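Report on one structure; see the data block that follows.
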Amino acid sequence: DVLELLRSNIAPIEAEVRDQEPHIQLRVEYASKKFEEVYPEIKQRLKQSRHSNVVFNLDQCGVSHVQHDTISDIMRS
């Protein structure tokens, strides 16, 4: 399973970050849906959590898989 492989590759990096920066609030989430489909749910959770900084890794999505309006919405949020 691709997601399990990704999780196993990221787990040591995530653990190292948590060890080196004990005050960081790090939440790593994985999704197997298209970003456009899952973004409304992510956006709602972010609004409820009130995080000041969020990073989206959209490298694997490419510019053709994420609409310009969605990127603009992320930047405005």
Side-chain angles (χ1 to χ4, degrees):
D1 176 62
V2 174
L3 283 179
E4 284 306 315
L5 179 60
L6 179 60
R7 284 184 179 104
S8 66
N9 287 332
I10 296 298
I13 299 167
E14 187 178 344
E16 182 180 349
V17 169
R18 289 180 193 281
D19 288 344
Q20 291 181 4
E21 300 294 334
H23 300 293
I24 196 168
Q25 292 182 9
L26 182 63
R27 181 176 174 168
V28 180
E29 293 190 19
Y30 304 88
S32 58
K33 296 179 186 177
K34 292 182 179 181
F35 186 76
E36 292 291 335
E37 294 173 14
V38 75
Y39 176 64
E41 178 185 326
I42 293 169
K43 182 179 177 179
Q44 186 62 33
R45 285 198 314 262
L46 288 172
K47 281 184 177 180
Q48 293 171 346
S49 66
R50 300 178 189 256
H51 290 290
S52 57
N53 295 297
V54 177
V55 175
F56 289 97
N57 180 4
L58 298 176
D59 288 348
Q60 67 279 11
C61 295
V63 295
S64 62
H65 295 266
V66 180
Q67 299 297 317
H68 181 266
D69 289 345
T70 302
I71 300 295
S72 294
D73 186 67
I74 291 169
M75 299 302 290
R76 285 191 309 266
S77 298

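Quick caveat: nothing in here was measured; it's all calculated off a predicted structure.
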Inset, instruction - Measure the spacing between CG of Asp69 and CD1 of Ile74 and express it to the nearest 0.5 Å. - result: 11.5 Å
Legend entry - Same cluster (ILVMFWY, side-chain, under 4.5 Å), Val54 and Val28: no
Legend entry - In one Ile/Leu/Val/Met/Phe/Trp/Tyr side-chain cluster, 4.5 Å: Val38, Leu46: yes
Inset, instruction - List for me each residue that meets side-chain hydrogen bond (donor to acceptor under 3.5 Å, both in side chains) alongside Gln44, sequence neighbours excluded, and say none if there are none. - result: none
Inset, instruction - Quick one: do Ile10 and Tyr30 satisfy side-chain contact (heavy atoms from CB on, under 4.5 Å)? Show the steps, please. - result: CA-CA 11 Å; Ile10 296 298; Tyr30 304 88; 3.3 Å; yes
Legend entry - side chain to side chain contact (heavy atoms under 4.5 Å, CB included) against Lys34, all qualifying residues, sequence neighbours excluded: Glu37
Legend entry - Over 12 foreign heavy atoms within 6.0 Å of CD, Glu21: no
Legend entry - Gln67 side, atom CD; Asp73 side, atom CG - distance, nearest 0.5 Å: 12.5 Å
Inset, instruction - Return the minimal non-hydrogen interatomic distance between Ala31 and Leu3, and the atom names on each side. - result: O-CD2, 4.3 Å
Legend entry - Glu4: partners by side chain to side chain contact (heavy atoms under 4.5 Å, CB included), with sequence neighbours left out: Asp1, Arg7
Legend entry - Contacts of type side chain to side chain contact (heavy atoms under 4.5 Å, CB included), residue Arg18, not counting sequence neighbours: Glu14, Leu26
Inset, instruction - Not counting sequence neighbours, which residues clear side-chain hydrogen bond (donor to acceptor under 3.5 Å, both in side chains) with Gln48? List them please. - result: none
Legend entry - Atom pair NZ (Lys43) and CZ (Arg45), whose distance is rounded to the nearest 0.5 Å: 14.0 Å
Inset, instruction - Rounded to the nearest 0.5 Å, what's the gap from OG1 on Thr70 to CZ on Phe56? Could you check? - result: 10.5 Å
Legend entry - Cluster check Leu6, Ile42: I/L/V/M/F/W/Y, side chain < 4.5 angstrom: no
Legend entry - Residues in side chain to side chain contact (heavy atoms under 4.5 Å, CB included) contact with Ser72, at least two apart in sequence or another chain: His68, Arg76
